[in-house]
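Working notes, beginning with the structure itself.
Since this is a predicted model, take the numbers as computed values, not measurements.
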Amino acid sequence: MARAIMVGRFQPVHKGHVEVVKQVLQEVDELIIGVGSSQEGHTLENPFTAGERVLMLEKALEEAKVDRSRIRIVQIPDIHDDAKWVSHVASLSPEFSIAYSRNPWVQRL
């Protein structure tokens, strides 16, 4: 069984995020969505809290009729340590073998 992770801030959740989720689910059995910078909220860079972003994701996926039984959403706070970031993410999520990201920093790590 292939399980993937996709990490993003989702500030805010938009149709592009939903379309990527749909595409990824065509390639894997399960998808973990990591809500990054989960400790941030109500700032200029991160206007929504992690809880608000999770609710937005759930609602957007429901409206798009995405099979939620194949998705897990986890919150991932920042640690600001590149050497430990991947193990940090892995410690907060179910095991995965594939990572999806358009973020060059995430791709490098």
Side-chain angles (χ1 to χ4, degrees):
M1 173 175 67
R3 183 183 294 141
I5 191 166
M6 179 176 95
V7 178
R9 288 185 308 120
F10 306 101
Q11 293 277 11
V13 175
H14 54 72
K15 290 180 181 182
H17 293 129
V18 173
E19 289 305 313
V20 170
V21 167
K22 288 179 179 180
Q23 288 177 335
V24 171
L25 286 173
Q26 291 177 8
E27 300 173 17
V28 300
D29 300 304
E30 291 183 8
L31 175 61
I32 304 157
I33 300 175
V35 176
S37 301
S38 65
Q39 81 287 357
E40 296 286 335
H42 304 295
T43 66
L44 286 177
E45 188 174 330
N46 295 287
F48 302 103
T49 66
E52 290 168 329
R53 291 179 273 158
V54 168
L55 290 174
M56 282 189 275
L57 273 165
E58 291 173 341
K59 184 69 172 169
L61 295 171
E62 177 186 321
E63 287 179 2
K65 300 190 183 341
V66 174
D67 182 3
R68 281 294 319 279
S69 70
R70 298 175 55 206
I71 296 173
R72 297 184 193 190
I73 301 174
V74 297
Q75 296 182 25
I76 302 173
D78 295 332
I79 61 167
H80 305 291
D81 186 336
D82 289 5
K84 295 179 182 176
W85 188 78
V86 172
S87 61
H88 172 67
V89 170
S91 75
L92 296 171
S93 69
E95 187 175 334
F96 58 90
S97 57
I98 304 166
Y100 288 85
S101 179
R102 283 189 25 189
N103 182 304
W105 175 77
V106 172
Q107 290 173 349
R108 180 173 49 83
L109 296 178

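Side-chain atoms of Asp78 do not come within 3.5 Å of backbone N or O of His80 as any donor-acceptor pair. Under the 3.5 Å distance criterion, the side-chain polar atoms of Arg70 are matched with a main-chain donor or acceptor of Asp29.
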Fill in: Residues Leu55, Glu58; criterion side chain to side chain contact (heavy atoms under 4.5 Å, CB included); working and verdict
CA-CA 5 Å; Leu55 290 174; Glu58 291 173 341; 3.7 Å; yes
Practice prompt. Using the side chain to side chain contact (heavy atoms under 4.5 Å, CB included) rule, take Ile73 and Arg68 through it: C-alpha gap first, then chi angles, then the decisive distance, then the call.
Written response: CA-CA 10 Å; Ile73 301 174; Arg68 281 294 319 279; 4.1 Å; yes
Practice prompt. Show your reasoning for whether side chain to side chain contact (heavy atoms under 4.5 Å, CB included) applies to Phe10 and Met56.
Written response: CA-CA 9 Å; Phe10 306 101; Met56 282 189 275; over 6 Å; no
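Following chains of ILVMFWY side-chain contacts shorter than 4.5 Å, one cannot reach Leu31 starting from Val89, and the two form parts of different hydrophobic clusters. When hydrophobic clusters are built by joining Ile, Leu, Val, Met, Phe, Trp and Tyr residues whose side-chain heavy atoms come closer than 4.5 Å, directly or via intermediates, Phe96 is grouped together with Val86. Hydrophobic clustering (side-chain heavy atoms under 4.5 Å, transitive across Ile, Leu, Val, Met, Phe, Trp, Tyr) keeps Val106 apart from Val21. Under the 4.5 Å side-chain heavy-atom criterion for Ile, Leu, Val, Met, Phe, Trp and Tyr, Leu109 and Ile98 are members of distinct hydrophobic clusters. Linking ILVMFWY side-chain heavy atoms closer than 4.5 Å, directly or via other members, places Val74 and Val66 in two distinct hydrophobic clusters.
Taken to the nearest 0.5 Å, the CD1 atom of Ile33 stands 5.5 Å off from the CG atom of Leu57. From Ser38, atom OG reaches atom CG of Leu92 across 8.0 Å, with rounding to the nearest 0.5 Å. Interatomic distance, Leu61 CG to His17 NE2, rounded to the nearest 0.5 Å: 11.0 Å. To the nearest 0.5 Å, atoms CD (Gln11) and CD (Glu45) are separated by 8.5 Å. Expressed to the nearest 0.5 Å, how far CG of Asp82 lies from NZ of Lys84 amounts to 12.0 Å. Note that CD1 of Ile79 is 6.5 Å distant from OG of Ser87, once rounded to the nearest 0.5 Å.
Residues Glu52 and Pro12 form no side-chain contact, since every pair of their non-hydrogen atoms from C-beta on lies 4.5 Å or further apart. Here the side chains of Ile76 and Ser93 are not in contact, with every heavy-atom distance at 4.5 Å or above.
Residues Pro94 and Arg72 come closest through the heavy atom pair CG-NH1, 3.3 Å. Residues Ser37 and Arg53 share a closest heavy-atom pair of O-NH2, 3.1 Å. Of all the heavy atoms in Ser101 and Gln107, the pair that sits closest is O-NE2, 2.6 Å. In terms of heavy atoms, Gln75 sits closest to Ala50 at OE1-CB, 3.4 Å.
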List, one per line, each side-chain donor-acceptor pair under 3.5 Å for residues 1-8, sequence neighbours excluded.
{"unit_1": "Arg3", "atom_1": "NE", "unit_2": "Glu30", "atom_2": "OE1", "d": "2.8"}
{"unit_1": "Arg3", "atom_1": "NH1", "unit_2": "Glu95", "atom_2": "O", "d": "2.8"}
{"unit_1": "Arg3", "atom_1": "NH2", "unit_2": "Glu30", "atom_2": "OE1", "d": "3.2"}

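Arg102 CZ: 12 or fewer foreign heavy atoms inside a 6.0 Å radius.
A donor-acceptor contact under 3.5 angstrom links the side chains of Tyr100 and Glu27, judged on distance only.
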